[in-house]
Each structure stands twice: as C-alpha cells, then as structure tokens.
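Each remark here refers to the structure printed beneath this line.
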Amino acid sequence: MNNHLRGIGMTSQRTRDRLIKRLQEMGIQSNTVLDVVKNTPRHIFVDEALASRAYENTALPIGYNQTISQPYIVARMTEALMANGPLKKVLEIGTGCGYQTAILAQVAEKVYSIERIEALLNKARENLYTLKFRNVRLQHGDGNRGWPEYAPYDGIIVAAAPTGIPEALLQQLAINGRLVIPVGSPGYQKLLLITRTEDGFEETLLDMVSFVPLVEGTD
Ligand code: SAH
C-alpha cells in the first residue's frame, strides 16, 4: 500500500486502532465488521483539511450539505445487515462519498449504490477506484425507487431518512432479506431493521439516530 492509503500521524494505524476500541466499547461485536472498518482508510473519503479527524467517531461534512456517516453508525448498520451471514447482493441508497459503499464491498459479493447528487457520486466513483473495488455499481438517481433491475436484494441499507419506508424498497427485498433504514423527521428518527418473511415484514428498533433527510428526485 502507498503512504497516502496507509496514512501517517493522525491517519496512522494506531489512530485507527483507537477507533476500533471505541466501536467495541459502544457494542459492535462482529469481528468481520471491526476488521473491515479497521482496514478501510476513511481519510481518503474526506477533504484533506479534515483528514486528521477521519478516525474520530463523528460524522464530517463532505460538501453539498451532506455528511460522511459516523463510523459507529456505519458499523452498526453493517452488523445488522449481516446478522444472517454473508451477503450476496446489497443495495445502498445514499452513496455520498462512498465510505459505507467501501465497507459493504468487503462484506458482500456485489454492491449497487444510488446517489441523487451527481457531483458526490463522481467523488465516490473516484474514491472507490482508488481503493480498487471491482464489485460495486453506482447509479445517479432517486433511491426512493430502488434499483429494480437487479432485485431482489438480500440486504438494503439506506443512509438518509424518509418519513415513511418507500414501498419500492420493501418490494425489492428478497425473502429473509434485511432492510436497515432510518425513518422519521429531523430530531426524531428511528433506525429500523425490517426483515422480509414468507408472509410479510417484521420490524425491530435498533437505535435512535440523526441522518440527513431522504429527498425526492435528483440534482
Ligand atoms: N453513505 C454515506 C453517507 C452519505 S449521507 C457515507 O458512507 O458516509 C446521505 C446521502 O444520501 C447524501 O449524499 C444524499 O445526497 C443522499 N440522498 C438523499 N436522498 C436521496 C435519494 N432520494 N436518493 C439517493 N440518494 C439520496
């Protein structure tokens, strides 16, 4: 790995190890998830001026009024998605700068990700190319509609909060598939795990969270 990816000083492995310890303290148990977070250079995904804060357990601005999600939330959502074992096809809504996408690409065979802001999608594409992920497909579009072409998905993860669960996402979930989604208005959002069964959907509350809103349409 070159020096830029490996990181130095505030982006060094030692700084990353501290983040992993923090995630464990906060309740993340999956060694797969902890290893993947540990080995994914988050500083690549933020502006150089913020690189020294990349391994703090906080959301950070990525431009266009959006944020890169807090590492704990990324880990929590990935862990919930993976609880039934390895994933084949995963759909992600809200690519942003591609950090969560990079995490998913290491725990799923194939990742499909949709972002409504084209400039951010281009950034994500560049970042994922730098890290050499080959199992990711990106689309500029409105995630409310899902990506019917490759459905059904055994995991769907949504990084922005609608006020109600989009019907298309439920429809594109495989039987035994899992959807992890924040739902609600700003200041009061529930992170839900929806599991599709033979005869319907089961809902579990995972956490109270704070995400940017899931917006209709594209930019
Ligand atoms: N997954 C990112 C988080 C990005 S923040 C990470 O790893 O950090 C949420 C993203 O959802 C923003 O980039 C926002 O533009 C996007 N978004 C909001 N509404 C959307 C929609 N309807 N379809 C697709 N993306 C949407």
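Throughout, numbering of the chain's residues begins at 1 and tracks the sequence. Counting convention: from 1, in listed order, for ligands and their atoms alike.
- Every pair passing ring pair (Phe, Tyr, Trp, His ring centres under 6.0 Å) that includes a residue from residues 126-147 is listed here, sequence neighbours excluded: Tyr112-Trp147, Trp147-Tyr150.
- Counting atoms of ligand 1 from 1 in the listed order, those under 4.0 Å from a heavy atom of Gly141 are 23 (N), 24 (C).
- The nearest heavy-atom contact from the protein to atom 13 (O) of ligand 1 is Glu115 OE1, 2.8 Å.
- Residue Thr101 has no nitrogen or oxygen atom sitting less than 3.5 Å from a nitrogen or oxygen atom of ligand 1, judged on distance alone.
- By the 6.0 Å contact criterion, CD on Gln29 is open, its count of non-hydrogen atoms from other residues, nucleotides or ligands being 12 or less.
- Distance check: Cys97 SG to Arg42 CZ gives 8.0 Å after rounding to the nearest 0.5 Å.
- The protein heavy atom nearest to atom 12 (C) of ligand 1 is Gln66 OE1, 3.3 Å.
- The atoms of ligand 1 that sit less than 4.0 Å from any heavy atom of Ser69 are 3 (C), 6 (C), 8 (O).
- Heavy-atom separations between Pro213 and ligand 1 include at least one value shorter than 4.0 Å.
- For the side-chain contact (heavy atoms from CB on, under 4.5 Å) with Tyr153, the lone residue among Val111, Leu87, Leu91 that qualifies is Leu91.
- One finds the OG1 atom of Thr95 at 5.5 Å from the CG atom of Leu138 (value rounded to the nearest 0.5 Å).
- Side-chain contact check for Glu92 and Thr101: at least one donor-acceptor pair (N or O, by modelled atom type) lies under 3.5 Å.
- Remark: minimum distance from atom 9 (C) of ligand 1 to any protein heavy atom is reached at Ala159 O, 3.3 Å.
- Shown in contact with Gly96 at under 4.0 Å from a heavy atom are these atoms of ligand 1, numbered in order with element: 4 (C), 13 (O).
- The nearest protein atom to atom 25 (N) of ligand 1, hydrogens excluded, is given as Arg116 N, 3.3 Å; this is a heavy-atom distance.
- Atoms of ligand 1 lying under 4.0 Å from any heavy atom of Glu92, numbered from 1 in the order shown and given with element: 1 (N).
- Counting non-hydrogen atoms of other residues, nucleotides and ligands closer than 6.0 Å to CZ of Arg125 gives a total above 12.
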query = Which is it for Glu126 and Lys123 under the salt bridge (Lys or Arg N to Asp or Glu O under 4.0 Å) test, yes or no, and what are the steps along the way?
reply = CA-CA 5 Å; Glu126 219 173 276; Lys123 269 198 194 182; over 6 Å; no
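- Note: the hydrophobic cluster containing Val158 does not contain Leu193 (ILVMFWY, side chain heavy atoms under 4.5 Å, direct or indirect links).
- Residue Lys110 places its NZ atom among more than 12 non-hydrogen atoms of other residues, nucleotides or ligands, all under 6.0 Å distant.
- The shortest N or O to N or O distance between Gly143 and ligand 1 is under 3.5 Å.
- Residue pairs meeting the side chain to side chain donor-acceptor pair (under 3.5 Å) criterion with at least one member in residues 205-219, sequence neighbours excluded, are Tyr72-Asp207, Arg76-Asp207, Arg116-Asp219.
- For ligand 1, the polar-atom distance check against Glu216 finds no nitrogen or oxygen pair separated by under 3.5 Å.
- Closest protein heavy atom to atom 7 (O) of ligand 1: Gln100 N, 2.8 Å.
- Judged by the 6.0 Å and 45° rule, Arg18 forms no cation-pi pair with Tyr55.
- Close contacts between ligand 1 and Asn144 involve ligand atoms 22 (N) [criterion: under 4.0 Å to a heavy atom].
- Considering backbone and side-chain atoms together, Val212 places no N or O closer than 3.5 Å to any N or O of ligand 1.
- The distance criterion of under 3.5 Å between nitrogen or oxygen atoms is met by Gly94 with respect to ligand 1.
- Considering only non-hydrogen protein atoms, atom 22 (N) of ligand 1 sits nearest to Val215 O, 2.5 Å.
- Annotation for His43 and Ala54: closest pair CA-CB, 3.5 Å, computed over non-hydrogen atoms.
- The contact set between ligand 1 and Ile117, taken as ligand atoms under 4.0 Å from a residue heavy atom, comprises 15 (O).
- Ligand 1 places these atoms under 4.0 Å from at least one heavy atom of Ile114: 24 (C), 25 (N).
- Ranking protein heavy atoms by distance to atom 4 (C) of ligand 1, first place goes to Thr67 O, 3.4 Å.
- Counting atoms of ligand 1 from 1 in the listed order, those under 4.0 Å from a heavy atom of Leu120 are 13 (O).
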